[in-house]
Number of protein chains: 2
Amino acid sequence: MRVTPSSVASAHTADCVIFGFADKELRVLLVRRAVPPFAGDWVLPGGAMMDRETLEETARRVLLDMVGVKNVTLRQVGTYSDPDRHPVRRVVTTSFYALVQPKHHAPEARGHAREATWHAVSAVPNLGFDHDRLLRDAHQRLILHLRTRPLAFELLPERFTLTEAQLLYEDILGEELDRRNFRRKLQGYDFLMETTEIRSGVKGGPKLYAIDHGLLAAALSD
Amino acid sequence: MRVTPSSVASAHTADCVIFGFADKELRVLLVRRAVPPFAGDWVLPGGAMMDRETLEETARRVLLDMVGVKNVTLRQVGTYSDPDRHPVRRVVTTSFYALVQPKHHAPEARGHAREATWHAVSAVPNLGFDHDRLLRDAHQRLILHLRTRPLAFELLPERFTLTEAQLLYEDILGEELDRRNFRRKLQGYDFLMETTEIRSGVKGGPKLYAIDHGLLAAALSD
DNA sequence: CCAAAAGTGTTTCGCTTACACCCATGG
DNA sequence: CCATGGGTGTAAGCGAAACACTTTTGG
């Protein structure tokens with residue numbers, strides 16, 4: 001409650017686990033550090049909390065800088081405070097996860113990042129700091145949320161087929177789903193609209209679906 | 001990731017939402033502040049993170065100081081970083097909830113606390129800082145955990161009747177449960193052992209049950 | 001034309017819910 | 001002895017899970 005003599009004023013950062021779905025795989029946006037410590041290593045994009053800013057605002061700022069998106073789902077996962085998690089000085093970090101659509105937002109490398117690209121979650125390299133753990137924890141949290149709420153539609157483009165939605169669910173959850181049961185469940189959602197279009201260039205002639213964002217927001221805010 | 005010129009080094013505290021069960025009600029341990037800000041107000045016990053300490057260690061230290069317990073369930077709930085949440089200077093806090101058995105541990109008022117007592121969760125006074133929100137969030141998290149894991153037994157004494165367990169569940173969840181369904185569910189737990197003792201001083205002659213802590217730990221660590 | 005993916009219903013299973021009577025004890 | 005709480009089983013409902021064939025299309 002109070003800062004006593006032996007208490008510590010630590011720097012505080014927000015790190016973002018930015019999930020996207022592209023090429024039939026769940027992906028995460030990583031940046032490559034240009035400066036020590038961990039220069040050359042891949043890490044989660046993050047930034048220091050500023051003077052009059054909440055941590056969530058910090059995370060939104062990072063998100064805007066890196067992928068230029070606003071108004072996305074952003075959820076706090078946890079706070080990491082191991083005194084040695086940063087090799088140079090004490091830095092506490094709070095992680096958030098965000099769901100975005102990679103197609104619309106090319107990542108940009110800025111600040112201390114040399115490079116910023118999407119990586120398949122199933123094949124991320126070893127990350128700097130304790131970011132492997134942050135990523136694992138965020139992925140677990142996403143799975144937990146996805147099992148109770150239809151969150152995944154935030155990751156899908158304007159038009160998509162039910163099979164694409166199923167591949168996304170399967171990739172996040174890490175398990176195979178029954179096609180008929182999955183489709184029945186989705187068709188029960190009132191925010192899912194069948195269009196008259198079909199996807200070309202793929203066999204079977206699958207119908208395209210779209211999201212009524214108003215109804216989706218209502219379903220997510222229970 | 002880095003401390004830039006306009007970033008802020010804030011004090012960081014851990015606040016504990018210590019739940020206990022006594023007199024047939026879910027309770028929470030609160031302390032009354034002896035010093036400004038919020039002198040005289042009830043708040044959650046908390047303390048500043050020290051130099052070589054994780055936030056969880058801070059929470060455990062507070063817990064030990066306040067109720068003298070070790071080895072309890074301690075779960076991180078969230079981090080609160082509104083720049084104005086502390087009226088004097090910037091303090092970020094991370095909250096944890098803990099489950100303890102009030103009988104064995106008399107609360108002690110120490111440090112900046114004038115008084116420390118158990119309050120029924122259903123009738124807590126207005127708290128200082130943003131602790132009303134911390135308490136609400138922690139209670140919601142406890143409910144979430146309780147619905148998926150048999151956590152509540154950490155709150156019960158060595159010997160208890162099934163009715164007592166039911167009252168605890170009902171008080172945490174805020175809803176009434178069917179007695180037969182509840183008992184069937186509990187009797188399915190392998191860590192619950194029926195004893196030969198019965199509780200005296202109460203009508204009906206109810207059997208007392210005990211917990212096999214090894215099996216409980218196994219069940220909780222799925 | 002054929003290989004690959006889309007599309008479609010019904011049955012089974014397990015869990016959750018609802019519900020009422022007799023027994024044991026304290027006062 | 002009686003009022004209060006303890007103790008017990010069964011049937012119905014609901015959502016999840018299992019399962020196979022026909023249609024459409026790209027190549």
Side-chain angles (χ1 to χ4, degrees), chain A residues 21 23-25 143-153 156-157 159-190 192-210 219 222, chain B residues 21 23-25 143-153 156-157 159-190 192-210 219 222:
Chain A
F21 184 64
D23 297 326
K24 303 185 176 184
E25 275 195 286
I143 290 174
L144 196 70
H145 287 160
L146 189 63
R147 287 194 192 279
T148 52
R149 285 154 190 275
L151 267 189
F153 299 97
L156 289 167
R159 297 293 150 86
F160 55 89
T161 67
L162 293 188
T163 298
E164 287 162 2
Q166 183 173 350
L167 288 170
L168 169 58
Y169 266 80
E170 288 178 340
D171 213 50
I172 295 177
L173 298 177
E175 64 188 69
E176 296 201 346
L177 301 172
D178 180 271
R179 186 149 42 104
R180 281 170 290 191
N181 294 334
F182 181 79
R183 297 167 83 88
R184 178 173 31 248
K185 179 170 144 187
L186 258 58
Q187 280 159 350
Y189 291 141
D190 59 355
L192 190 68
M193 301 178 300
E194 183 179 322
T195 70
T196 57
E197 305 160 57
I198 62 163
R199 166 136 303 163
S200 58
V202 61
K203 297 185 180 185
K207 288 176 194 155
L208 287 172
Y209 287 75
D222 288 338
Chain B
F21 184 64
D23 297 325
K24 302 186 176 182
E25 274 195 288
I143 290 173
L144 196 70
H145 287 162
L146 188 64
R147 286 194 192 280
T148 53
R149 286 154 191 278
L151 268 188
F153 298 97
L156 289 167
R159 297 293 149 88
F160 55 90
T161 67
L162 293 188
T163 298
E164 287 162 2
Q166 183 173 351
L167 288 169
L168 169 59
Y169 266 81
E170 289 179 339
D171 213 50
I172 294 177
L173 298 177
E175 63 188 70
E176 296 201 344
L177 301 172
D178 180 273
R179 185 150 44 104
R180 280 172 289 189
N181 295 336
F182 181 80
R183 298 167 82 89
R184 178 173 33 245
K185 179 169 146 187
L186 259 59
Q187 280 159 350
Y189 291 140
D190 58 355
L192 191 67
M193 301 179 300
E194 183 179 322
T195 70
T196 56
E197 304 161 57
I198 61 165
R199 166 136 305 163
S200 58
V202 62
K203 296 187 181 185
K207 288 176 193 157
L208 287 171
Y209 287 75
D222 288 339

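Residue numbering restarts at 1 for every chain, and letters A, B, ... go by the order of the sequence lines.
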In terms of relative ring orientation, are B:Phe153 and B:Phe160 parallel, tilted or perpendicular, with 30° and 60° separating the classes?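 Ring orientation of B:Phe153 relative to B:Phe160: tilted.
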Rounded to whole angstroms, how far apart are [atom1] on [X] and [atom2] on [N]?
X: B:Lys185; N: D:dG7; atom1: NZ; atom2: P; answer: 18 Å
X: B:Glu176; N: D:dG5; atom1: CD; atom2: P; answer: 14 Å
X: B:Lys24; N: D:dT4; atom1: NZ; atom2: C1'; answer: 11 Å
X: B:Leu173; N: C:dT16; atom1: CG; atom2: P; answer: 14 Å
X: B:Leu186; N: C:dC15; atom1: CG; atom2: C1'; answer: 16 Å
X: B:Ile198; N: C:dC23; atom1: CD1; atom2: P; answer: 17 Å

Taking atom CD of A:Glu164 and atom CZ of A:Arg159, what is their separation to the nearest 0.5 Å?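 CZ of A:Arg159 is found 12.5 Å from CD of A:Glu164.
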Tell me, with the steps shown, if A:Thr163 and A:Arg183 meet side chain to side chain contact (heavy atoms under 4.5 Å, CB included). CA-CA 9 Å; A:Thr163 298; A:Arg183 297 167 83 88; 4.1 Å; yes
Where do B:Gln187 and B:Tyr209 come nearest, in terms of heavy atoms and distance?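 Looking at all heavy atoms of both residues, the closest pair is NE2-OH, 3.5 Å.
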Identify the two heavy atoms, one from A:Leu177 and one from A:Gln166, that lie closest to each other, and give their separation to 0.1 Å.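 A:Leu177 and A:Gln166 have their closest heavy atoms at O-NE2, 2.9 Å.
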Using the test salt bridge (charged side-chain N to carboxylate O under 4.0 Å, His left out), find all partners of B:Glu25 that sit at least two apart in sequence or belong to another chain.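 B:Arg27.
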If the helix axis at each end comes from five base pairs, how far does the helix from C:dC1-D:dG27 to C:dG27-D:dC1 deviate from straight, to 10°?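 The end-segment axes of the helix from C:dC1-D:dG27 to C:dG27-D:dC1 are tilted 20° relative to each other.
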Could you tell me whether the side chain of A:Glu194 and the main chain of A:Lys207 form a donor-acceptor pair under 3.5 Å?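 Not at all, since once roles are kept as given, no pair shorter than 3.5 Å links the two residues.
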The contact string for nucleotides 2-12 of chain C, one letter per nucleotide 5' to 3', using protein heavy atoms under 4.0 Å with B, S and - for base, sugar-phosphate only and none, comes out as --SBBBBBB--
Count the heavy atoms belonging to other residues, nucleotides or ligands that lie under 6.0 Å from CD of A:Glu175, then report whether that count exceeds 12.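 Check passes, neighbour count above 12.
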